[in-house]
Amino acid sequence: MISATRHGESHAWSRSLIPTTREAPNDAETPSHVLLHRAGYIRQVGAGIYDYLPLATRVLRKISGIVREEMDAAGASEMLMPALEPFELFEGTRRHEDYGDNLFRVKDRKGRLNALAPTHEEVITHLLIGCLSSYKALPLALYQVQTKFRDEARPRAGLLRCREFLMKDAYSFHTHVEGPGGLNETYDAMHRAYTNIFRRCGLDFSAVEAESGPIGGSASHEFMVNCPSGEDTILRCPVSGYAANVEKCEIGARESSFEGGPPAGELTVVPTPGLPAIDDVARFMGVKPSEMLKVVVFQNKSFAARIRQEKLDPRRPESLPPGVMFVLAVVRGDHDANEGKIKSAAGFAVEMADAALMEALGFATGFISPASVRNDPGGRFLMLVDHDAARPGAWVTGADSRDHHVKGFSWKTHVGEALADASRVRVAEIRNAAEGDPSPRSPGARLVAGRGIEVGHIFKLGTKYSDAMGLTVLDPGQKRVPVIMGCYGIGISRTMAACVEMSHDADGIIWPAAVAPYHVLIVVMKPDDPRQKEAAGTIACSLVGRGVDVLIDDRDERPGVKFKDADLVGIPVRVTIGDKALDAGGVEFKRRKDTQTKGEVVPLAEAVDRCLAAIGE
RNA sequence: CGGGGUGUAGCGCAGUUUGGUAGCGCGUCUCGUUCGGGACGAGAAGGUCGCAGGUUCAAAUCCUGUCACCCCGACCA
């Protein structure tokens with residue numbers, strides 16, 4: 001039998017667990033952390049591990065409910081996978097190596113290694129290998145809402161970066177990319193679903209380009225809540241609407257040339273003892289960081305691995321296999337080198353150079369200048385120069401000797417003929433974008449920076465997992481083809497925290513109705529008074545009948561305490577029942593977001609409609 | 001992983017310099033007076049001072065080690 005009406009829920013405050021506190025623990029600093037603790041939603045169990053109390057559980061349920069509706073509407077089916085997975089699942093993808101220490105490892109009683117899943121690509125791919133064999137079963141989209149584990153190096157900011165957190169992860173499977181049933185179709189559907197979800201959660205967010213994957217185009221988007229306390233920097237072009245994560249953001253065309261400019265002056269060596277940091281040197285020498293050149297040394301990842309594996313001696317270059325060993329990335333002092341961009345410019349994967357190895361090879365770590373490219377024993381160094389660093393003029397940079405910098409460095413004079421050799425020196429985009437950089441999409445426009453909290457990430461995986469693990473189907477021509485995949489994640493518990501970050505005031509949380517633990521809080525001034533009790537019961541009953549969730553504050557507390565707690569907990573509508581209003585034939589109605597105005601007395605008969613109207617806004 | 005900080009009652013803190021029987025505020029419980037924006041009075045409960053060693057007649061306090069948590073950075077498909 002299907003119920004014709006959706007009923008709300010009604011709970012008594014006194015029978016729930018809502019431990020509000022006047023003060024937050026010393027550990028909490030971020031607004032969402034402080035307020036979720038003070039309002040009795042969460043308690044810390046360990047670093048990045050939290051209890052979700054009844055109110056928080058209700059919010060998580062509301063957010064998950066929205067997510068489920070939109071995922072189902074987008075054609076995905078819900079399922080549930082285990083949090084624990086045998087380590088052998090990583091054999092194909094080697095992803096335990098990528099994750100490194102971030103992967104929780106668990107030994108069972110037989111001594112076998114298991115992982116607490118950080119995400120489920122391997123598990124679901126393994127599942128489908130066993131039950132997917134024909135192209136006719138595709139496309140397919142599956143999702144789950146489940147606890148995820150990541151052994152973060154540094155959990156922080158309460159629920160925003162946890163080691164255990166609630167996540168919705170979805171995976172889609174296709175035989176092709178374009179057209180009906182293809183990856184792009186589902187990807188776009190997920191993009192729309194995510195937009196609906198975060199809009200329904202009342203969040204101010206941006207979908208930003210996050211990474212150009214192997215399939216090309218816009219292969220990955222992050223959904224960022226626009227919020228100054230966010231961990232991530234995003235850049236947007238106000239003209240074209242282009243927006244991207246700082247690491248991924250492209251930079252528009254810039255001029256660069258080693259030629260021209262004023263003639264190089266004298267090269268002066270300045271002692272800078274104990275000052276390898278750019279800002280310190282700049283201050284010490286009285287120049288701006290933007291007048292300095294910074295050289296960051298990376299090593300060729302596979303080359304370094306080979307040296308380690310074969311135990312070669314890097315100090316004897318003649319004993320090494322041919323190939324580039326180090327990439328010298330030169331950026332302006334106020335810019336940050338970007339590993340991903342260096343990788344694409346160099347054409348191979350890189351990692352931060354091993355300090356001990358560099359020292360052994362004669363690099364003065366922290367005091368390296370672009371001129372050090374001339375110390376190349378032959379084909380071992382590749383210097384990549386960012387456009388903004390590839391300018392004539394007199395730069396301040398390292399002196400290639402410990403505790404010394406130089407003034408008056410000139411590319412032409414001090415690097416010379418190597419500049420013309422593209423196998424040794426190349427100008428490329430190798431740094432993070434920054435506020436004020438030219439837009440990559442709209443000539444003349446400048447990028448502006450903002451902060452964001454990443455609440456969702458959608459990704460075109462291609463055949464990365466199906467190739468690694470062997471997930472194939474037979475196509476109509478009876479040929480075995482690898483399955484094309486996409487994956488789509490939403491941090492549910494993080495979204496809850498992001499809602500609080502975005503919507504609170506000095507007194508507490510202000511929930512949007514869609515995710516609030518309850519829609520209406522009925523504050524009964526004298527819970528023992530039969531008249532008040534009856535009025536509360538009547539209103540609660542009809543609200544519940546209209547699908548509204550109601551919390552009744554029936555505690556025998558002083559009014560001040562109840563009002564303070566009401567503001568703290570942040571339920572969108574407050575109905576206060578007391579003698580004052582009852583004598584006037586009504587109850588007091590107040591929306592949480594109306595912080596300035598006083599409550600309004602409305603007739604008892606109208607109270608329910610006022611609540612419904614306020615919730616529907 | 002590097003740098004900094006903190007562990008004393010449920011929460012916030014003092015006490016540690018100079019070793020000598022464990023304190024304050026909030027909260028909790030009881031009684032009374034109160035009752036529309038975190039009341040008042042009287043009384044009560046609650047702490048192996050993170051843990052383990054050591055020094056000492058005596059350790060929250062001094063020494064050594066260790067663990068946990070927080071902040072900044074590195075890291076974060």
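Letters A, B, ... are given to chains in the order of the sequence lines, protein chains preceding strands, and every chain is numbered from 1.
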Any strand is fair game: report the nucleotide pairing with [N] by Watson-Crick or G-U wobble, both distances under 3.5 Å, or none.
N     : value
B:G38 : none
B:A59 : none
B:G2  : B:C72
B:G43 : B:C29
B:G12 : B:C24

If I pick the [atom1] atom on [M] and the same atom on [N], what distance separates them, to the nearest angstrom?
N     : M     : atom1 : result
B:G43 : B:G25 : P     : 13 Å
B:G32 : B:C70 : P     : 45 Å
B:G54 : B:C49 : P     : 16 Å
B:A22 : B:C67 : P     : 30 Å
B:G3  : B:A44 : C1'   : 47 Å
B:G15 : B:C24 : C1'   : 10 Å
B:C63 : B:G41 : C1'   : 49 Å
B:C69 : B:U56 : C1'   : 32 Å

So do the side chains of A:Thr93 and A:Thr125 get within less than 4.5 Å of each other, counting heavy atoms only?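 Not in contact.
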Side chains of A:Arg494 and A:Arg161: does their closest heavy-atom pair fall under 4.5 Å? yes
Determine the contact category for [X]: base if any of its heavy atoms lies under 4.0 Å from a base atom, sugar-phosphate if only primed atoms, P, OP1 or OP2 are that close, otherwise nothing.
X        : value
A:Ala153 : base
A:Ala24  : sugar-phosphate
A:Leu103 : nothing
A:Arg574 : base
A:Glu29  : sugar-phosphate
A:Arg38  : base
A:Gln44  : sugar-phosphate

[X], nearest nucleotide to its side chain (from [options]):
X        : options             : answer
A:Leu568 : B:A77, B:G38, B:C76 : B:G38
A:Arg156 : B:G73, B:G37, B:G38 : B:G73
A:Lys564 : B:C76, B:G38, B:A39 : B:G38
A:Ala47  : B:A39, B:C69, B:G37 : B:C69
A:Asp565 : B:G38, B:A77, B:C70 : B:G38

Spacing of [X] atom [atom1] relative to [N] atom [atom2], expressed in whole Å:
X        : N     : atom1 : atom2 : answer
A:Glu152 : B:C72 : CD    : P     : 14 Å
A:Asp529 : B:C35 : CG    : P     : 14 Å
A:Asp505 : B:G37 : CG    : P     : 18 Å
A:Ile49  : B:C70 : CD1   : C1'   : 15 Å
A:Arg154 : B:A74 : CZ    : P     : 10 Å

Residue closer to the 5' end of RNA chain B, A:Gly48 versus A:Lys590 (nearest nucleotide): A:Lys590
Specify the residue among A:Ala157 and A:Tyr465 whose closest nucleotide of RNA chain B lies further upstream toward the 5′ end.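 Upstream on the strand: A:Ala157.
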Please output the side-chain donor-acceptor pairs of residues 557-564 of chain A that fall under 3.5 Å, not counting sequence neighbours, one pair per line with the distance.
residue: A:Lys562; atom: NZ; partner: A:Val524; partner atom: O; Å: 2.7
residue: A:Lys562; atom: NZ; partner: A:Asp553; partner atom: O; Å: 3.3
residue: A:Lys562; atom: NZ; partner: A:Arg555; partner atom: O; Å: 2.5

Side-chain atoms of residues 566-577 of chain A: list all donor-acceptor pairs with protein atoms under 3.5 Å, sequence neighbours left out, distances to 0.1 Å.
residue: A:Arg574; atom: NE; partner: A:Thr576; partner atom: OG1; Å: 3.2
residue: A:Arg574; atom: NH2; partner: A:Glu588; partner atom: OE2; Å: 3.1

I'd like a list of close polar pairs between nucleotides 26-31 of chain B and the protein, N/O only, cut-off under 3.5 Å.
residue: B:C26; atom: O2'; partner: A:Arg22; partner atom: NE; Å: 3.4

Give the C-alpha distance, both sets of side-chain angles, the deciding distance and a yes or no for salt bridge (charged side-chain N to carboxylate O under 4.0 Å, His left out) between A:Asp554 and A:Lys533. CA-CA 9 Å; A:Asp554 59 338; A:Lys533 209 192 262 181; over 6 Å; no
Here's a test for you: under side chain to side chain donor-acceptor pair (under 3.5 Å), which of A:His457, A:Gln146, A:Lys148 qualifies with A:Asp169? A:Lys148
Short side-chain donor-acceptor distance under 3.5 Å, A:Ser32 and A:Tyr41: no
For A:Thr20 and A:Arg38, test the side chains for any donor-to-acceptor distance below 3.5 angstrom and give the result as yes or no. no
Hey, do the aromatic rings of A:Tyr50 and A:His33 have their centres closer than 6.0 Å? yes
Looking only at atom types and distance, does a side-chain atom of A:Asp505 sit under 3.5 Å from a main-chain N or O of A:Gly508, one as donor and one as acceptor? yes
